[in-house]
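Data first, discussion second: the structure below is written as structure tokens.
Just so you know, these numbers come straight off a predicted model, no measurement behind them. Reminder, nothing fancy here: chain letters follow the sequence lines and each chain counts from 1.
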There are 2 protein chains.
Amino acid sequence: MGNKEIQEQRMRGYFIQATKEILKGEGLKSISVRNIADRAGYSYATLYNYFKDVRDLIFECVVDFQEECETFVISETEKTPAGIEKIKSIAKAYVKYFIQYPGTFELFFLEKINDVANKQPTLKLISNFLDRLSNNDWEYCIDTKVMNKEDAKVKMNTLNFTLVGMLLLYINRRQPETYKEFSEEIENQINSILEVK
Amino acid sequence: MGNKEIQEQRMRGYFIQATKEILKGEGLKSISVRNIADRAGYSYATLYNYFKDVRDLIFECVVDFQEECETFVISETEKTPAGIEKIKSIAKAYVKYFIQYPGTFELFFLEKINDVANKQPTLKLISNFLDRLSNNDWEYCIDTKVMNKEDAKVKMNTLNFTLVGMLLLYINRRQPETYKEFSEEIENQINSILEVK
DNA sequence: TTTATTTAATTAACGCTGTTAATATATTGA
DNA sequence: TCAATATATTAACAGCGTTAATTAAATAAA
């Protein structure tokens, strides 16, 4: 990688870092080209030398946040034994991360996309994120005959969709009204979905 | 109701009608104060004589769309016998409505809200919508001992959250990529959640 | 019916937004 | 050091939601 590429990547990094800080702090509503550039220490137009548009820049943060979330989930669940219990722990940590940083949830699931064709890989990354985090333990359940392959596949999806749905309603619709209620319902849902009959 | 109130309600109706048309047609992205006012046949500033702000106006459409959706669901499911089968039919029709009019899904679940305290009733209405549509049949299942009260409550929520999550990913994240895949997964999820053990 | 007063609708304006063109400033190669 | 290139900045545009000032319409009083 030549000097030019190094410098270019560094510049991109400054803008990405600024964007991540705003998303984690004030959330998506505070994102604007001028706000990002201010924080990065450049003029707003400079941004366009390194990113096609602001949405492109915003979606660059997905991978970084996923890595951060993955690290968090691993550290929160390392003591839990493999299998169903581990899947439950992962699910709870996953939810906990988005509750702690609602801006990342907005980025992953709510932010509109301009060029859908161009972002398909990122969109796939988002939809399958929980699956990637918990895949090992689903496999473990199948291997230990706790459940069959077909059931595992459907339940993995149910868990994913349910958590996303609950997070959407809680973060974007304030339903339920208290975190306590939300937390209890998360517990109920996870237990019910992973109940082995 | 005096003349003044009648006229005021009529004016509000013109703007609401225009907003509904745009939402059903082009979706949330095409909503703007000037666009709504144009369609209603008034200047953009006139809108503020009848609504506090544009979000207030937008959320006025929720009740109307829910009524329309309810009518659709009833007509699509009238031949299905009460109980689990009916709940499945209702769930499918519910999803079908939002797929047909993605703008209504955006309004119900994605549109940001200014004054959350002031909109709590509407937000509750949205979160509990599927429950209201299917409540009779859950009761029926409990009465006919197909399931107990606690299971019914949790499953009702699982179904609600799962459908919202799937719709979010499909409408806002294009996952899965084809309607066929989406449709099959909806079928799988509904059957799995409502499976009686 | 004409005039004065109140009500409602419109235009102009403000401060935002994302993006692009034109300009100014560094940086590089000769 | 000077010319050429690359990069950063300012100015500008068209759009947004909202409000203040202004015009037009409807009502009440004379």
ask   = Taking atom C1' of C:dA26 as reference, at what distance in whole Å does atom CG of A:N49 sit?
value = 13 Å

message = A:T162 and side-chain hydrogen bond (donor to acceptor under 3.5 Å, both in side chains): which single residue from B:T162, B:T158, B:N157 fits?
response = B:T162

task = Could you tell me how the ring of B:Y94 sits relative to the ring of B:F129: parallel (under 30°), tilted (30 to 60°) or perpendicular (over 60°)?
result = tilted

message = Should the side chain of B:Y14 and the base of C:dA9 be counted as holding a donor-acceptor pair, with the cut-off at 3.5 Å?
response = no

inquiry  = Distance check needed: D:dA6 C1' versus A:I6 CD1, whole Å only.
reply    = 18 Å

remark   = Of B:Q7 and B:Y44, the one whose nearest nucleotide on DNA chain C sits closer to the 5' end is B:Q7

request  = Measure from the side-chain N and O atoms of B:K145 to the backbone N and O of B:I142, and report whether any donor-acceptor pair falls under 3.5 Å.
outcome  = no

task = Please report, rounded to the nearest Å, how far the P atom of C:dT17 is from the CD1 atom of A:I22.
result = 11 Å

query = Can the ring centres of A:F105 and A:Y101 be said to be less than 6.0 Å apart?
reply = no

query = Once you round it to whole Å, what is the distance between P of C:dG18 and CG of A:N114?
reply = 12 Å

inquiry  = Output the rounded distance in Å from CD (B:E5) to C1' (C:dA8).
reply    = 15 Å

inquiry  = What contact category does B:F51 fall into here, base, sugar-phosphate, or nothing, at under 4.0 angstrom with non-hydrogen atoms?
reply    = nothing

message = So, does A:S43 get its side chain near the phosphate of D:dA8, meaning an N or O under 4.0 Å from OP1 or OP2?
response = no

inquiry  = Under 4.0 Å from OP1 or OP2 of C:dA8: is there any side-chain N or O of B:Y48 that close?
reply    = no

inquiry  = Output the rounded distance in Å from CD1 (A:I31) to P (C:dT19).
reply    = 13 Å

inquiry  = So if I take every side-chain heavy atom of B:D53 and compare against C:dT10, D:dT18, D:dT9, which nucleotide ends up nearest?
reply    = D:dT18

request  = Check whether the side chain of B:R34 and the base of D:dG15 form a donor-acceptor pair under 3.5 Å.
outcome  = no

query = Across the strands shown, which category fits A:S32 at heavy-atom distances under 4.0 angstrom: base, sugar-phosphate, nothing?
reply = sugar-phosphate

request  = Let me know the distance between CD of A:E8 and P of D:dT5, rounded to the nearest Å.
outcome  = 19 Å

key: Interatomic distance, A:L57 CG vs C:dT19 C1' [rounded to whole Å]   = 14 Å

task = Output yes when a side-chain donor or acceptor of A:N148 lies under 3.5 Å from a complementary backbone atom of A:D151, and no otherwise.
result = yes

request  = Assign B:Y42 to base, sugar-phosphate, or nothing according to its heavy-atom contacts below 4.0 angstrom with the strands shown.
outcome  = sugar-phosphate

